[in-house]
Amino acid sequence: MNRIRSRLVLFLRSAAVFAVGGCCQPAAGGEVIRGAGASFPAPVYAAWSKDYERVSGVKVSYDAVGSGAGIERIRKREVEFGASDAPLAASELAASGLLQFPAVIGGVVPVINIGGIKPGQLRLNGALLAAIYLGRIRKWSDASIAALNPTLVLPNTNITVVYRNDSSGSSLLWTDYLSHSSSAWKESIGASLAPKWPIGVGGNGNEGVASYVQRTRFAIGYVEYAFARKHRLSDVALLNRSGRFVHAGRDAFLAAALAADWSDLAGVGQLPTDLPGVESWPIAGTSFILIAQPTEHREKTLAVLHFFDWALRQGEPITRSLDYSPVPPVAVDQLPALWRTLRDDAGMPMWP
């Protein structure tokens, strides 16, 4: 545990030093750049945008429509950037003329609405969550839940299952975790942006799921951690790969990120669920930005790159304040070389 904590401290210190480093000059004030996609990172993008407009005069408009819709909009060139929690494979990027890079790390958390149970008090594991979402466990008083929570008085009431209606990277992370935790889930449902849910009710976006759980007694859902905080929902402690019950939060997401391999940014994919480490959150994930290449509008694309260059370097305190984890410096250091592969319609490099 002390070794992990030391790594966390060293990472945060290095990130803080890195954040004061140089950043290319932003585009001229008065511009508007448009993005759309994942709701997972929407709170941090909104906070970055507010501060960036103050310092640069450039407005960033972001529509949190879900990863699937964000991918579709950038493919159709309807926005200057897309955002997805499900990274595209190299073949998909090439076919759509897109470049992708990581922007922020967060965590998907189970949230509940049971009176008297505070955040982090209820303990669950992946196998129980899969059984609940398969409809095999239907009451909160089920013996298997009670066995993990001997000090809690659980109500003898039906569980209302809430899921994402829209095509979602959060759903992909959630169902991937359930697939790793339960052979029954893997064989019958699997991991997907838009799974065929066997039971439950749907909400649109993280906001929709959080709102549904908030107003429905005895409900359970899954949302990005920032939405659990915003709606004052009780999140669940989860058993991680190291056999420890961990609470959601920035340090747990960071511990998972530090367990991942960031050595090849061009080939980096989504963080695997249930990464090793005693403090790692089992359902941590990365949100990615998608940019068209070759670009048809050089100045707009440059404005997007300037924004994310500023956000990933100067916006790190904002990221941490919202309980997201910043992208590790080893990945951020690789961005200039990746961005230099972008070309405009005249074949000229987009980034110096």
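Just so you know, these numbers come straight off a predicted model, no measurement behind them.
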Does T319 use its side chain to pair, donor to acceptor, with the backbone of Y324 at less than 3.5 Å? no
For R54, enumerate each residue passing the salt bridge (charged side-chain N to carboxylate O under 4.0 Å, His left out) test, keeping only those at least two apart in sequence or located in another chain. D51
For D309, is there an ion pair with R313 - N to carboxylate O distance below 4.0 angstrom? yes
According to side-chain hydrogen bond (donor to acceptor under 3.5 Å, both in side chains), who are the partners of E72, at least two apart in sequence or on a separate chain? none
Please answer whether the main-chain N or O of G205 pairs with a side-chain N or O of D166 as donor and acceptor at a distance below 3.5 Å. yes
Name the residue from L178, L134, V236, I137 that meets the side-chain contact (heavy atoms from CB on, under 4.5 Å) definition with L129. L178
Do any N or O atoms from the side chain of T175 and from the backbone of S171 form a donor-acceptor pair under 3.5 angstrom? yes
Mind checking side-chain contact (heavy atoms from CB on, under 4.5 Å) for L239 and listing every partner two or more places apart, or none if nothing turns up? N125, F245
Salt bridge or not between D63 and R34? Use side-chain N to carboxylate O under 4.0 Å. no
So, the side chain of R340 versus the backbone of P352: is there a donor-acceptor pair under 3.5 Å, distance only? yes
Could you tell me if S280 and N240 have a donor-acceptor pair between their side chains, going purely by distance under 3.5 Å? no
Go through the structure and list residues passing side-chain hydrogen bond (donor to acceptor under 3.5 Å, both in side chains) with Y45, not counting sequence neighbours. none
Results of side-chain hydrogen bond (donor to acceptor under 3.5 Å, both in side chains) for R229 - residues two or more places apart only: D323
Residue pairs meeting salt bridge (charged side-chain N to carboxylate O under 4.0 Å, His left out), one or both in residues 197-223, sequence neighbours left out, come to E207-K230
